[in-house]
Amino acid sequence: MLNLIISTLTEGFIYALLAYGIFITYKILDFPDLTVDGSFPLGAAVTAVVINNGVNPFLALLISVAVGALAGLCTGLIHVRLKVRDLLAGIITMTALFSVNLQIAGSNMSIIGIDTIFRLMPFGDMPQIYRKLIVSLILAIIVKIILDLYFKTQNGLLLRSVGDNENLVCTLGIDNGNMKILGLVIANALVALCGSVVCQQQQSFSATMGTGQMVFGLAAVIIGTTIFKKMSFVKGTTAVMVGSIVYKACIQTAITLGLPANLMKLITAVLFLLILVLGNLPSKGGRKHA
Amino acid sequence: MLELKNITKIYNPGEVTEMSLFEDFNLRVSDGEFVSIVGSNGSGKTSLLNIVCGSIPVESGQILVGGKDITHMPEHKRYRNIGRVYQDPAKGTCPNLTILENMSLADNKGKKYLFASGINRKRADFYREQLASLGLGLEDKMNLRVGSLSGGQRQAMALLMTTMTPIDFLILDEHTAALDPKTAEIIMELTDKIVREKKVTTMMVTHNLRYAVDYGDRLLMMHKGEAIIDKQGDEKITVTVPDLLHVFNEISIECGN
């Protein structure tokens with residue numbers, strides 16, 4: 001039982017990285033970014049290949065961040081410069097990335113027996129399960145702190161304004177489009193980072209591992225922000241991290257209760273619908289301010 | 001000096017709903033001038049402002065600022081020298097940021113938005129002073145989210161934020177129209193004070209004829225894409241609200257209303 005809780009927490013922390021990314025696109029930019037389903041396995045594919053070629057696993061994280069950023073840049077340019085609708089721009093990049101990922105790492109690639117970030121950490125002979133928990137916690141917190149600091153910079157304020165009030169950003173003499181592209185770059189860099197960590201945790205890459213990640217991220221963001229709706233002092237990143245853990249716990253519970261793995265996506269979809277409906281309920285009372 | 005030369009603006013060109021608004025329209029606004037613009041709906045007031053700001057393209061003609069052609073300059077670049085306050089108070093501020101963050105953001109206009117702290121603590125006292133001059137008590141709520149302020153408070157902030165950095169033009173797009181009469185009055189007086197102090201060239205579109213008569217040193221009345229009244233200096237002083245109403249009525253009869 002304890003092991004189950006620990007592995008659920010570990011999953012929650014790792015996937016919080018992805019949820020931060022979706023928080024930026026969905027909550028801050030108001031951009032439904034489907035690139036995620038492609039950039040997540042992209043991070044994993046690149047990681048599997050470079051680690052197999054003897055690259056340091058920490059460096060693999062940074063390489064994934066860079067390729068994820070490129071994926072975000074593609075979606076951003078397609079949307080902003082070529083004026084394709086947000087949803088479609090993401091779908092285009094996602095579709096293209098599926099082939100790109102196959103080219104990079106084939107349909108499956110294993111990195112079993114090779115050192116990962118979880119093994120390289122100097123924790124003595126601590127069992128693997130605790131190592132994974134600690135490493136993922138550290139990662140989730142470091143990234144959260146960096147994001148929180150960024151959101152308080154001039155550039156971060158501007159990014160937060162873009163989704164809120166494009167008009168204001170424009171009258172400040174700044175191109176909205178560039179800020180949107182920047183947001184997509186950061187978000188997909190985080191998503192690919194998550195893909196890289198997941199690949200190292202599972203010690204494998206599979207071309208289909210991206211399916212449903214966008215839905216997971218959205219669910220985590222919506223759960224998190226709904227839980228902390230009344231507590232405005234809780235940072236968005238914290239809320240999203242909690243959302244990620246809660247969601248993973250729900251899925252874990254479903255599995256523990258004996259629901260067949262083949263029904264996983266159906267359960268995910270039903271759970272997501274529930275969250276959306278529940279998340280909507282309180283706002284029926286009407287917002288006080290326009 | 002702002003010059004609009006031979007401007008032609010056609011909405012929905014090539015479609016059944018094609019509507020030519022401006023045909024060979026010309027306007028000169030001198031530096032430091034405060035122009036009030038009135039006119040019925042669809043007369044071209046807001047389109048005029050949008051053309052100046054680059055929010056909509058023109059079919060032909062030139063827009064010159066200080067002799068420099070800005071006809072093809074993108075909107076956001078033009079705003080480096082233009083400040084604009086909209087009718088909707090929500091458009092001038094960012095609801096999810098605090099008052100202090102909003103002020104800091106606006107104060108940085110014209111500079112690069114990089115990784116320095118978004119909150120300008122050194123200038124906080126200056127912001128407080130500016131907010132205090134509004135007399136709305138906002139100076140004590142610097143860390144409050146702007147989304148929780150009233151429309152009037154937000155509009156006052158928008159006005160402060162737009163005029164905080166040096167600009168060549170102030171564009172006011174019915175900026176008092178969404179406010180209650182008392183708040184509108186406060187915002188209008190504040191506008192006049194800021195325009196006088198900063199000596200900034202201003203174009204104000206309003207539906208309030210009294211504001212158009214009482215404020216500004218030039219009055220334009222737009223009708224079907226033409227300035228049918230253009231009074232400045234002493235001529236403007238003699239214009240009264242009944243005069244304007246009279247013209248409005250004549251136009252209405254002409255249009256078959």
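So you know, we letter chains A, B, ... as the sequences are listed, proteins then strands, and number each from 1.
- In this structure, the portion of B/T93 lying under 4.5 Å from any heavy atom of chain A is its backbone and not its side chain.
- For the pair A/N165 (side chain) and B/A90 (backbone), a donor-acceptor distance under 3.5 Å is present.
- A/T153 OG1 to B/F115 CZ: the interatomic distance, rounded to the nearest 0.5 Å, is 6.0 Å.
- Only the side chain of A/Y150 comes within contact range of chain B, judged by heavy atoms closer than 4.5 Å.
- Between atom OG of residue B/S117 and atom CG of residue A/L157 there is a gap of 8.0 Å, rounded to the nearest 0.5 Å.
- If you take CG on A/L168 and OH on B/Y86, they are separated by 9.5 Å, rounding to the nearest 0.5 Å.
- Atom OG1 of A/T171 sits about 7.5 Å away from atom CE of B/M161, to the nearest 0.5 Å.
- Considering only heavy-atom pairs separated by less than 4.5 Å from chain A, the leading option among B/R84, B/K77, B/E75 is B/E75.
- Note on B/K112, B/K91, B/R145, B/R80: by heavy-atom pairs under 4.5 Å with chain A, the leading option is B/K91.
- One finds the CG atom of A/D164 at 4.0 Å from the CG atom of B/N96 (value rounded to the nearest 0.5 Å).
- The CZ atom of A/R160 sits 5.0 Å away from atom CG of B/L97, with the distance rounded to the nearest 0.5 Å.
- Highest contact tally toward chain A, considering only B/H76, B/K109, B/K111, is held by B/H76 [criterion: heavy-atom pairs under 4.5 Å].
- Proximity to chain A is limited to the backbone of B/I119, based on heavy atoms less than 4.5 angstrom apart.
- Residue contact with chain A, scored on non-hydrogen atoms closer than 4.5 Å, involves the side chain of B/N102 exclusively.
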